[in-house]
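Single-structure report; data block below.
All heavy atoms count here, side chains included; hydrogens, waters and symmetry mates do not.
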Amino acid sequence: MFDDADNFADIFRGGLPYCLLIALPILILCTPAALASDLQVQRMAQFDINGVSLGCRASAISLEAKSLYTWSTGRHCVLARLLDISVNDFNKIRQKAGGLIVLLPNNLLALSDEAKEQVNALEQAMLTQAVPVPVYFSAPNKYLEQIVDDITHTIDDNGSKKQNDTAIAQLFLSISANGYQVTVSGANAVANKNSKISVIQGELLSNQYVPKRMEGTDDYNNLPVILITANLKTFGIYNDYPLNADAAILMGLIELFSKLHSVISTTPKYRLVFLLSESGVLLNFQGSKKWLDDNVVLQNVEFVLCLDTITQSLAYNQQNVMYMHVSKPPKEKSSISNFFKLLKLAAGEHVENVTVEGVHKKINLADTQLAWEHERFSMKRYPAFTLSSVKNPRSPMRTSMFKDNEARIISQTLTSAKIIAEALASYIYNIDQYAGIFDGHIEINEEIIQPYLGVKSVLQNSDIKDGFEKYLKNVKIIYDKPDAREPDFMFYEGHDAKLNVYRVKPAVFDLFLTFVIALYLSIVYFVIQYFPKFYDVVSKFTKAEPSTQLNGNYSERVKTKVN
C-alpha cells in the first residue's frame, strides 16, 4: 500500500503544487457564504431647498450588519424593521452608525393607531433634517426577515444565558454566532443639473366669452377670478408615488364645472383658473412662487382656493373635519367669509356629517419655510385660504408616502369633492342654501376621481395635460429650474440600488481561526518533517508481520497432528 506513495507524489511533482493541497481547506473555510444577492432597495430621498440640505447625504455601504440593539460604532450597518425604529433610535443611528437598512412592513393597514402614529412621526423626523449616513428602504423580503431575526435572536439568546454559562461556553457561543456583511452598490448621489418643477395652468371659459377674450374687451377682463390650486406629490421619504387626492379633486372640479360652462344659461360670470404644480410643502411651494413671479398681476380676484392633503394617507383617529386655514380672520361678508358659510352648509347636508372649522395662523416672515400654499398668495395681497383634512401644518400626514386603504381614500375624496363643488357652485351662482347642483346626471362619482389618483407627473404621463386641454382654455406649462449660482432647490440622482448580503463570522472568530490555521499548519509541517521516519517504521512492521503469522500457523498445525 505504501509502496504507491511515490507514484501519488509524482502527480504533484508534475505540475500541481503541494501548497494548493495545504491551502485549499483554509480557502474553503475563509470564503464568505452569499446569502442574498441583488436585492432591490431604494435610497432615502435627497434634496436641497432654499440652501438647506435635507434627506440622505451618502450612498455607499460595505459594513457588518448589526441589529437595532447591538450596533455600537460607525463600522456597523443597522438592519431593522420600520416598526422597531423610534425617533430616538434614528437620531442615534444618524449620528454614530455607518448606515441603516429599513425593512418595510407587509401590511401597513393592519397596524394599530399607535403604530401608525409612530411610523408617521419617524417619517417626519427623517425628512426634516440632513442624514449624513446612507439610508435604504427594502420591500418586504423573507431573506432579510430571516437575517433580522438571526442577528436579533442570537444576541438575545446569548444575553439570557450570560449569567448561567461559563466563560468558555460564552466564548464558544460568540465564535459560533453568525455575522453578516452588507454591501450596497448603485449610482453615486450626484446633483441633477436638469432638475425642474412643472406647473400647468388653464382657464375654464364658456364659448360665449372666447371671442371677447380674444378681443380683450372689458366684459371679459372685468370678470371676477377664482383661482383653484393643488400640488402633486412626486416624492417623499423614498422615491415612490402616493395617491394624489388633491390633484384628483382638482381634475374632478374641472370636469364638473366644464359641464355647467357648456350651457349658456348656466354659465357663471366668473373666470375659473386652475393651477397644478409638482411642488408642495417639501419644496416650499416653489411652483406657486414661479407662477406668481412669471405672471402679470391678476385683477379682480375673488379668492384663491388651495387644496392640501384633503384626505389623509395613513389616518389614525381621524374625525370628519375639513379645516379652512387662513392667514388672518376674514371680515364679515367678505368673499372668504361667504364661501366659508356655504362650505359649512354643504358639509352639514352631507350624509357623512362632515364639519368645517376655521383655523387662523399668521404668516411668519422670518421663517423661510411656509406653512401653507395660500401664504404665497396672501403675501401678494390676494385673498387666499387652504382646505385640508389636517389642522396642524407640521402634521406628518402632509408628506407621508404610506398609503391608506384605497377604497377609503376614494370614499373620502368623493366626499370632499362633493362638498367643495357644491359650495363653489353655490357661490358663483349666488345661492344661499343647499341646492344639490351636482345631483343626477352630473353627480360626482368614482369614475371622475379614480383615473387621476395615480398620476405621477405633469410630464411623465399625459393624463393631466390631456385633461387640461380637453376642458380648459389658455393651457400653458411653465418650468421652474434652479439657478446655476444660488439654486432655490436641487434634486439628486441615485435612488435605486442593489443590496448584497454575505454570511460572515464575527471578529472573535478571526482570532479563533488564526489559532486553528496555525495548528493546522503546524500539524502539516510535522507530518512532512517526520514522514520518512514514520514510513520506515511502518515498512518494517509490514515486512515482519507475514513471517510472524506463518510461524504461528505452523506451530498450530504441529500441535494438531500430535494430538
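At distances below 3.5 Å, not a single donor-acceptor pair connects side-chain atoms of Ser53 with backbone N or O atoms of Ala130. Checked by atom type and distance alone, the side chain of Asn141 pairs as donor or acceptor with a backbone atom of Leu144 at under 3.5 Å. The backbone N or O of Met251 sits nowhere less than 3.5 Å from a side-chain atom of Glu255 that would complete a donor-acceptor pair. Proximity of a side-chain donor or acceptor of Arg43 to a complementary backbone N or O of Val135 within less than 3.5 Å is not detected. Between the Thr128 side chain and the Gln124 main chain, a donor and an acceptor come within less than 3.5 Å of each other. Put simply, the side chain of Asp466 never gets that close to the backbone of Glu469: no donor and acceptor are under 3.5 Å apart. Not one N or O on the side chain of Ser327 forms a donor-acceptor pair closer than 3.5 Å with the backbone of Lys362. Arg398 contributes a side-chain N or O that, together with a main-chain N or O of Pro393, makes up a donor-acceptor pair within less than 3.5 Å. Judged purely by atom type and a 3.5 angstrom limit, Tyr136 uses its side chain to pair as donor or acceptor with the backbone of Ser59. Formation of a donor-acceptor pair under 3.5 Å by the Ser112 side chain with backbone atoms of Ala115 is found in this model.
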Taking only distance into account, with no hydrogens and no angle test, what donor-acceptor pairs under 3.5 Å do side-chain atoms of residues 413-424 form with protein atoms, sequence neighbours excluded?
from   : atom 1 : to     : atom 2 : distance (Å)
Thr413 : OG1    : Ile409 : O      : 2.6
Thr415 : OG1    : Ser411 : O      : 3.0
Ser416 : OG     : Gln412 : O      : 3.1
Lys418 : NZ     : Asp439 : OD1    : 3.0
Glu422 : OE1    : Ile437 : N      : 3.1
Glu422 : OE2    : Ile437 : N      : 3.4
Glu422 : OE2    : Phe438 : N      : 3.0

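Each of Asp480, Asn284, Asn50 was scored for a side chain to side chain contact (heavy atoms under 4.5 Å, CB included) with Phe489, with one residue passing: Asp480. Of the candidates Leu307, Val321, Thr309, Ser388 forms a side chain to side chain contact (heavy atoms under 4.5 Å, CB included) with just one, namely Thr309.
A 4.5 Å side-chain heavy-atom check between Leu243 and Lys233 finds every atom pair outside the cut-off. Using a 4.5 Å heavy-atom cutoff, the side chains of Ile228 and Leu250 are in contact. With contacts defined as side-chain heavy-atom distances shorter than 4.5 Å, the pair Pro224/Arg271 does not qualify. By the 4.5 Å heavy-atom criterion applied to side chains, Leu54 and Ile49 are counted as neighbours. In this structure, Tyr323 and Val390 have side chains that are not in contact, with every pair of non-hydrogen atoms separated by 4.5 Å or more. Counting heavy atoms from C-beta on, the side chains of Tyr382 and Leu292 come closer than 4.5 Å. Proximity of Ser138 to Leu39: side-chain heavy atoms (C-beta onward) are nowhere separated by under 4.5 Å. Looking at heavy atoms from C-beta onward, Phe491 lies out of side-chain contact with Asp48 at the 4.5 angstrom threshold.
For the atom pair CD of Gln286 and CD1 of Ile197, the computed distance is 5.5 Å after rounding to the nearest 0.5 Å. In this structure, CG on Leu283 lies 9.0 Å from CG on Asn231, to the nearest 0.5 angstrom. The line from OH of Tyr238 to CG of Leu104 is 5.5 Å long, rounded to the nearest 0.5 Å. Taking NZ of Lys476 as the reference point, atom CG of Asp294 lies at 8.0 Å (rounded to 0.5 Å). A distance of 6.0 Å separates CD in Gln201 from CH2 in Trp291, rounded to the nearest 0.5 Å. Atom CD of Glu493 and atom NZ of Lys193 lie 10.5 Å apart (nearest 0.5 Å).
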> Run the side-chain contact (heavy atoms from CB on, under 4.5 Å) check on Ile428 and Ile226 step by step: do they pass?
Replying inline: CA-CA 9 Å; Ile428 63 179; Ile226 295 178; 3.6 Å; yes
>> Could you walk me through whether Met322 and Ser389 satisfy the side-chain contact (heavy atoms from CB on, under 4.5 Å) test, starting with their C-alpha distance in whole Å, then the side-chain angles of each, then the deciding distance to 0.1 Å, before giving a yes or no?
In response: CA-CA 5 Å; Met322 181 182 295; Ser389 62; over 6 Å; no
>> Evaluate Ser86 against Gln118 for side chain to side chain donor-acceptor pair (under 3.5 Å), listing each step before the verdict.
In response: CA-CA 7 Å; Ser86 66; Gln118 176 185 339; over 6 Å; no
>> Quick one, Val102 with Leu100, criterion side-chain contact (heavy atoms from CB on, under 4.5 Å). Give me CA distance, side-chain angles, the key distance, then yes/no.
In response: CA-CA 6 Å; Val102 181; Leu100 173 64; 3.7 Å; yes
>> Assess the residue pair Val304 and His374 against the criterion (side-chain contact (heavy atoms from CB on, under 4.5 Å)); give the C-alpha distance rounded to whole Å, side-chain angles, the decisive distance to 0.1 Å, and a yes or no.
In response: CA-CA 7 Å; Val304 181; His374 73 263; over 6 Å; no
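Contact record, Asn91 with Gln129: OD1-NE2, 3.4 Å, taken as the closest heavy-atom pair. Minimum interatomic distance between Pro487 and Pro482 (heavy atoms only, all atoms of both residues): CB-CB, 3.5 Å. Nearest heavy atoms, Asn392 versus Trp372: C-CZ2, 4.2 Å. When every heavy atom of Ala248 is checked against every heavy atom of Tyr452, the shortest pair comes out as CA-CB, 3.8 Å. Across all their heavy atoms, Leu109 and Lys116 have their closest contact at O-NZ, 3.9 Å. Of all the heavy atoms in Ile61 and Gly99, the pair that sits closest is CD1-CA, 4.4 Å.
The closest side-chain donor-acceptor pair between Ser277 and Ser279 falls under 3.5 angstrom. At a cut-off of 3.5 Å, with distance as the only test, a side-chain donor of Ser400 or Glu123 sits close to an acceptor on the other residue. Thr229 and Glu373 are linked by a side-chain donor-acceptor pair at a separation below 3.5 angstrom, with hydrogens and angles left out of the test.
For Phe339 and Phe385, the distance between ring centers is under 6.0 angstrom.
Using cut-offs of 30° and 60° on the angle between ring planes, the pair Tyr270 and Tyr427 is tilted. Between Phe47 and Phe235, the two ring planes are perpendicular [angle over 60°; tilted spans 30° to 60°].
Shown here is Lys380, whose NZ atom has no more than 12 heavy atoms of other residues, nucleotides or ligands within 6.0 Å.
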